Amino acid sequence: MPELPEVRTVSKYLRENLLGKKILDFDLKTKKSLHDNEIENLDLLKNQKIYDIKTLGKYIIFELTNFYLVIHLRMEGKINFYKEQPTHFNLIHSIFLMQLDDLFFNFTDHRKFATVDIYFKKDKNIRNLNVLKKIGFEPWDIDIDSFFEKVKKKSSPIKVVLLDQHNIAGLGNIYVDEVLYRAKIHPLQKTNTISKDKLREVLKHSKKILEEAIELGGSTIKTYSAAGNEGLFQNKLIVHQYKNKYCKNCGEKIKIIKVGGRGTYFCPNEQKLWE
DNA sequence: CGTTTTGTTCTGGC
DNA sequence: CGCCAGAACAAAAC
């Protein structure tokens, strides 16, 4: 499932292949995937050049000549390129198809959860785009004092708070489990019982794990693939998906519970609840 | 054939 | 109104 490292990996691949290309045709195949849209006629996207491609949390932002095109892969969104006109089979789950100079760009999601937003480029700060306005900072940009202030009043489990992209951007179900394992915090620990020092640890491990994963091109679990490339970080996961396995530190059996409705892996010996 | 899975938003209770 | 828990969303693997 694409979290920040997977999204960065995809984005890097897109940058390497698409910067400077011109959109010759834009064909929205799944209308309900278009959430925000500031232009009435999508033909306005024609002849727009791809100036830049960046990411914020799990969002990918295409900076065009006059517009921003923001996409989110959700769980199963994928991007494929073709040299030739894609076949009917290739387009079955398509969200949109773009012709970019010499190649065809196909954004697909067989579950149709992936989203697209289109905005006028009136503001250089992408954080002012509607869909990104409320997104929190990525771990590297977070100021520990304001993060602690924000979080210390919450009575939700730490895992739920870390998964909420309004609090911190980039972590998903897989990496949150790894972060909490390394920080030795029980996923159900209420956030308002976590000290600033402990929270600092959480941030430290978040940065470290995400950096390691980015280095390895993300994790490939189930169906994630970065336009054909597979990540390698899944081999480094310590707790997530460790069903019927044992903690590498203490040998205790990894436990699986539900937190915020999500499958959660942790070591009951090393990640104990306090208070 | 029911349960589980994912990221995010929505809904409703308090 | 804010906070939080849980449902909803789609589709497929188990």
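No hydrogens, no waters, no symmetry mates; every other heavy atom, side chains included, goes into these values. Predicted, not measured: the structure shown is a model, and the values here were computed from it.
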Open item on the list: Whether A:K32 contacts C:dA10 is assessed here as follows: a side-chain N or O lying under 4.0 Å from the phosphate OP1 or OP2. Is that the case?
Closed with: yes

Open item on the list: Output the rounded distance in Å from CG (A:L162) to C1' (B:dG7).
Closed with: 15 Å

TODO: Report yes if a side-chain nitrogen or oxygen of A:S156 is closer than 4.0 Å to either non-bridging phosphate oxygen (OP1 or OP2) of C:dC3; otherwise report no.
DONE: no

Task: Protein-nucleotide distance (A:K134, atom NZ; B:dG7, atom C1'), rounded to Å - done: 17 Å

- [ ] Mind telling me whether A:F120 and A:F67 have parallel, tilted or perpendicular rings, with 30° and 60° as the class edges?
- [x] tilted

Task: N/O (side chain, A:H72) to phosphate O (OP1/OP2, B:dT8) under 4.0 Å - done: yes

Open item on the list: Both A:R262 and A:K190 contact DNA chain C. Which one's nearest nucleotide lies toward the 5' end?
Closed with: A:K190

Task: Spacing between A:L132 atom CG and B:dT9 atom P, to the nearest angstrom - done: 11 Å

Open item on the list: For residues A:V7 and A:L19: do they belong to one hydrophobic cluster (side chain heavy atoms under 4.5 Å, members Ile, Leu, Val, Met, Phe, Trp, Tyr)?
Closed with: yes

Task: Out of B:dT9, B:dG7, C:dC4, whichever nucleotide has its closest atom nearest the side chain of A:N173 - done: B:dG7

Task: Interatomic distance, A:K78 NZ vs C:dA11 C1' [rounded to whole Å] - done: 12 Å

Open item on the list: Taking atom types as they are modelled, would you say the side chain of A:R111 forms a donor-acceptor pair with the base of B:dT8 within the 3.5 Å cutoff?
Closed with: no

- [ ] Starting from the 5' end of DNA chain C, give me the residue, A:K112 or A:K153, whose nearest nucleotide shows up first.
- [x] A:K153

TODO: State whether a side-chain donor-acceptor pair under 3.5 Å links A:Y59 with A:Q165.
DONE: no

Open item on the list: At 4.0 Å (heavy atoms only), tell me whether A:H35 reaches a base, stays on the sugar-phosphate, or touches nothing.
Closed with: nothing

Open item on the list: For A:E16, is the CD atom crowded, meaning more than 12 foreign heavy atoms sit under 6.0 Å from it?
Closed with: yes

Task: Whole angstrom value for the distance that separates C1' of B:dG7 from CD1 of A:I60 - done: 14 Å

Open item on the list: Regarding A:T115, tell me which of base, sugar-phosphate or nothing describes its non-hydrogen contacts under 4.0 Å with the strands shown.
Closed with: nothing

- [ ] Among C:dA11, B:dT9, B:dT6, find the nucleotide with the atom closest to the side chain of A:H110.
- [x] C:dA11

TODO: Go through the side-chain N and O atoms of A:K122 and A:N128 and say whether any donor and acceptor fall under 3.5 Å apart.
DONE: no

Open item on the list: Counting only side-chain nitrogens and oxygens, does A:K58 get under 4.0 Å of the OP1 or OP2 atom of B:dT8?
Closed with: yes

TODO: Check the distance between B:dG7's P and A:L171's CG and give it to me in whole angstrom.
DONE: 11 Å

TODO: Calculate the interatomic distance between A:N130 atom CG and B:dT8 atom P; express it in whole Å.
DONE: 16 Å

TODO: Quickly work out the A:M75 CE to C:dA12 C1' distance and round it to whole Å.
DONE: 12 Å

